[in-house]
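Note sheet for the following structure.
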Amino acid sequence: MFRQTVQLSAIAIFASLALSACDSSYDDIKIPTFPQLTTKGVWERVGYGELLEVTDSALTYYQFNQFGCTKLLETTEQIALDQLKLKITPNSLTKLAIQEQDLIEPYYLQRINTLPTSCTTSISVDSPVSQTYVFDYIWNLFNDYYAYFDTREVNWQTQYDTYRPLVNDSMNDEALFQVLSELVAPLQDAHVNIINESKALYFNRPKDNPFSRTVRGMMFASLRDGEVLDPSEIESELNQFYAQISTSYMTPSSAKRFPSDPQDEPTVLWGITPDNVGIITINNMMSYASDTMSEEATLAAANSLFDTIMAQLAQTKGIIVDVRNNQGGYDSVSLAIAQRFNQTDHAVFYKQAKTKTGTGDLLERKLNGRSDAYTNPVYLLTSEVTVSAGEIFVIAMRSLPQVTQIGKETSGALSDLKFFDIPNDWSITLSNEVYWTSDNQYFEKTGIPPAVSIPAFSVDDLKMGRFQTYDYALKALGRTSDKTLSEAEFEQKISQLSNQANIKNMSISVIKDNEIVYEKGFGLNARTGEATSPQSEFYLGSVSKTLLGATIAAALENQPEFLDTALQPVLPFVIDAAQFAQDNPLTLRQLITHTSGILDSEQTYLCSYFTYENSQSLASLLAPEMGCPETVSQDEKLFFSQYLSAQGELHSHENFITQYGLKNNQAYVYSNIASALAGLVLEQKAGQSLSQLSTQLVFNPLGMTHTYWAVNESETSTPRYVFDDDSQSVYVPEYRNITYADGMAVSSSHDLARYLIALGNSGKINGAQALNPTVVTALLTPQTILPTPEGDIGYFWQLDGDIVSHDGSDPGVATNVLLNRREKFGYVLLSNADADNEQVAAAFQAINGLVRQFAEQQ
C-alpha cells in the first residue's frame, strides 16, 4: 500500500474570528481595527487540483483541470461541522488551514478571486459522460498535475496524439481501460493508477524489478504444467517464504512478528541472531492499527510496537534493518521509526507540489533527536521494490552516521498519491509532489542508491534459504557462528549423503578467480571399473542447452540479425502458421529464450526416448503404462514435422501456447522441443551438424577434450541408474532422444569448469582467448524483455542477477552448474542420480547446497 493524500471530502467551518474589548475600564483607549478573517470565498490547493467554495448557504468542493471540473461535495455548514469533524481555520486573509481529524498535520489553500473557467459549468461525479470525455478529462489531469514528465522522459502531447484517435463513444469500459493503461504505461511510476472499481479494472505498472519479474515469470512458467497461477498468490507465497528465511537467521526464542498470526503476511519481523545482531524487517509503514486507517492511530500503534522492539534489541552489537519489501504507508511512521536511531535534530527532506498549474507550499520534514537513540552500526537493506514511505525511511536513515545502505537502489516513487475521482466510476492517482533531500539530492525514477550494491532479491536466495544481503551485513558485523567447511569434512558429508541415497557416481569441480581450485570424483564406473574422476564423462541433461547456446552464439557472431529472422524459410517442413503471431514470426531468439510458444506435450516428449541398441522406447521399459510405441523412429526432421505441421500425426492444439489465448513472444514457458528445434535450425543455417559446429567453435577452443554430443554409442560415459518400484537401483540401457540437442551432451566436471572460467573471464583461459568476448557477452546478456522465473535469460543460461546457472535431469541424470560473476566463483556438479526419486532428489539438493557452501569459502 502506498501513501495517500487524504481527500477533502467535506468542510466544517468554525465561526469567523471577531476581535472585541471586554473590560470597560479601557473604554478610553483607542483599539486599532483589523480586517475580519473569514472562510467565505473561493480557495485553491495550488498544485493539487482542489477547490473549496464557501458561501453563506453552502460549502462546495471541486476537483478540476483546464478541461473540466467535477463537483464532489455540496453540503451545509452545520452538517459539515456536526458530522464530518473537519477543522478549518483562516490563517490570514489569503490562506486557509484544514486539519482533518485523523491526519497529523494540516494542509493549506490559497484564496483566489473566482472559480476557474472550467468550474463555471461543473458536473457531478455521478453525471454520465461519454468515453471521449473520460479520456480527455484524465489526459488533462495528468497534463496539469503530473510532476515528472521530463524526469521520466515522456512526451505527454505525443501520448495524446497516439491514443486519442483510438477512443470513441461506442467502446466499452474494458476497451477504454486498455487504451488508458497504454497511455500512462511509459511513466513506469508506482504511484500512477487507473481504476474502475465497478468493472474490477486496475492498472499499476512501476518500473521493472527482479521481484516482479520473478512473479510474472513464475506465472507464465506454470503453463508448462497446464496451470495458470494467480500472480498475487505467487507474490504472497514468495513474501511468506522470505519471512521464513528472515526468521531462520534469528534464535527461536527471540523471533517475533506483528501481526502474530503466522498465516498473515507480517508488517514487522524482529529478533536476534546467535551472534547478537538484531534484525528488523519492516514491510510497510501503514498496517499497525488493525481497526483503522487513521494516520494518528497508526502512528501511535507503530510507536508502541517499536518501544517493544527497540527495548529487546537495545544490547545488540548491531542491527540489520530490512526494508527490501517495504510497500509504503505514512511518512510520519517512517520518520518516527527512524528517530529511534537519531541523536540530534536535523532536517531530512523537503517536498512541494510542482506542476504546470503552480507551486504548492514548501514543507520541511525533520528528525528529532532522542537521548535513547540506538547508535551501534546499522545495515539498511533496500531493493528496487522499496517504495514511497519506505523510501522516505531510507532518506531519513541514510542521514545518520552509523547507517550503511546495502542492496539495490529503491523504486524511485516518492510523491504522495494524488487521487482524482472521475465520472462513470473512474478514478486515478498520480504523482504531483517533488521531494529532495537536505543536501539537495533528487531520487525520483532513479531511486536511492546503496553504498554497497548486492542483489536484494534472487531465486538463488530462495533455493539456498538465505539472503546475500544478510550474509554481507553479518560478516561486516563480525559474525563468528559460521563454521568453515574443511575439505575432509566436505568430502565426508558428500560421501555420506550419496551413500544414503545410493547415488553411485559424482564429479565436482570448483573455480575461484578464474582458476580450478578443487576437483574430485566419487564412486566407481561400473562399465569400466575405473574410479570416477574430474575427467569422467557424464550425461548432462538440460545443462546441454548451455553448450547449444554457446555454439549458436559463436556460429552467429557475425550474423546477429539471424536471431530475429523468420525461421520458416530455413525449416525443411511447414509449421502451423495459425499458432504464431502474423506480425511476429517464429525466430531463433524465441527458441533460445523459451518464448516461442511451442510447448512440450508430455506424452509425445517422453515417448521420444529410445534405447541406442535397438530403438526400443525407453518409456515402454520404464513406464509401460504410458502406452508409448514399442519402437521409436530416429528421424529428427520427421518428428518436428509431425509435431509442428498442421497435418502432422503428432500435431495438436496443446502443442502450442495458443491454447491459453497467447501467441509466440508473449510468455516464457520452458520447452525442450523448442530448444532442440534451435539445434536443427542452426544445422540448416550452417550446413553442418551440431556436433561438428560445437567441436569446432566451442569444445576445441576451450580444451574440452571429454565433451561431445551423444549421437553415437558412448563406451566411456558414466552409466545411468534409476530406482524401480521396489526402490532398487537398476541400470538404464544406453538411451537417446530424438530431440538430442536439448539434453544429450556428455561432458566432465573439469571441462565444464573450463567453460565457466571462460564465461567469467571474457572468454579467456590461462591468459589465452578461447572464446571471443562478444560471444561471452551475448551468452550472458538478457535476450528477451519477457520475465522468467529467474528474472532473465541469455542463450539458454538462467540469469539471476550476478548468478548464472542451469541444471539438468533425465532418467539417471542430475546435474547443476553455477557461476557467481560478482564473487568470481562457480562450481560443476555432475551425477547419475535418479532425480525422479524423492529421496534421491532431496539428497542431491543437499549435496548441491554443500558444494555451493564449499565453493563460496574458497
Hey, is [atom1] on [X] packed in by over 12 heavy atoms from elsewhere, all under 6.0 Å?
X: Glu197; atom1: CD; result: no
X: Tyr472; atom1: OH; result: no
X: Leu166; atom1: CG; result: yes

Fill in: Distance in Å, Glu44 CD paired with Leu96 CG, rounded so as to fall on 0.5 Å steps
13.0 Å

Worksheet entry | Close side-chain approach of Phe443 and Pro449, heavy atoms under 4.5 Å |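 Side chain of Phe443 against side chain of Pro449, heavy atoms only: contact under 4.5 Å found.
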
Worksheet item: Is Leu141 close to Ile428 at the side-chain level, that is, under 4.5 Å between some pair of heavy atoms?
Response: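 Of all side-chain heavy-atom pairs linking Leu141 with Ile428, at least one is under 4.5 Å.
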
Does one side chain, of [X] or [Y], offer a donor that lies under 3.5 Å from an acceptor on the other?
X: Glu364; Y: Tyr350; result: yes
X: Ser236; Y: Glu265; result: yes
X: Asp439; Y: Gln441; result: yes
X: Asn193; Y: Arg205; result: no
X: Ser453; Y: Lys408; result: yes
X: Gln405; Y: Thr382; result: yes
X: Ser438; Y: His346; result: no

[Y]/[X] salt bridge by N-O under 4.0 Å criterion:
X: Glu153; Y: Lys445; answer: yes
X: Asp144; Y: Lys356; answer: no
X: Asp345; Y: Lys366; answer: no
X: Lys71; Y: Asp126; answer: no

Do [X] and [Y] form a cation-pi contact, if we require the NZ or CZ to be under 6.0 Å from the six-membered ring centre and within 45 degrees of the ring's axis?
X: Arg45; Y: Tyr107; result: yes
X: Arg365; Y: Tyr435; result: no
X: Lys351; Y: Phe349; result: no

Worksheet item: Is there a side chain to side chain donor-acceptor pair (under 3.5 Å) between Glu182 and Gln178 once you walk through the steps?
Response: CA-CA 6 Å; Glu182 293 174 8; Gln178 185 62 39; 3.0 Å; yes

Item to complete: List the steps, then state whether ring pair (Phe, Tyr, Trp, His ring centres under 6.0 Å) holds for Tyr242 with Phe457.
Response: CA-CA 9 Å; Tyr242 280 116; Phe457 284 115; 4.9 Å; yes

Worksheet item: Residues in salt bridge (charged side-chain N to carboxylate O under 4.0 Å, His left out) with Lys207, at least two apart?
Response: none

Practice prompt. Quick one: list whatever passes ring-ring contact (aromatic ring centres under 6.0 Å, His included) with Tyr62, sequence neighbours left out.
Written response: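 Result, ring-ring contact (aromatic ring centres under 6.0 Å, His included) vs Tyr62: none returned.
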
Item to complete: For the pair Phe64 and Tyr145, name the ring-plane relationship: parallel under 30°, tilted 30 to 60°, perpendicular over 60°.
Response: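 Answer is perpendicular, since the angle exceeds 60°.
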
Practice prompt. Please work out whether the ring planes of Tyr146 and Phe142 are parallel, tilted or perpendicular, with thresholds of 30° and 60°.
Written response: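 Judged by the thresholds at 30° and 60°, the geometry between Tyr146 and Phe142 is tilted.
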
Discussion item. Ring centres under 6.0 Å, that's the criterion: do Tyr133 and Phe67 meet it?
Written reply: yes

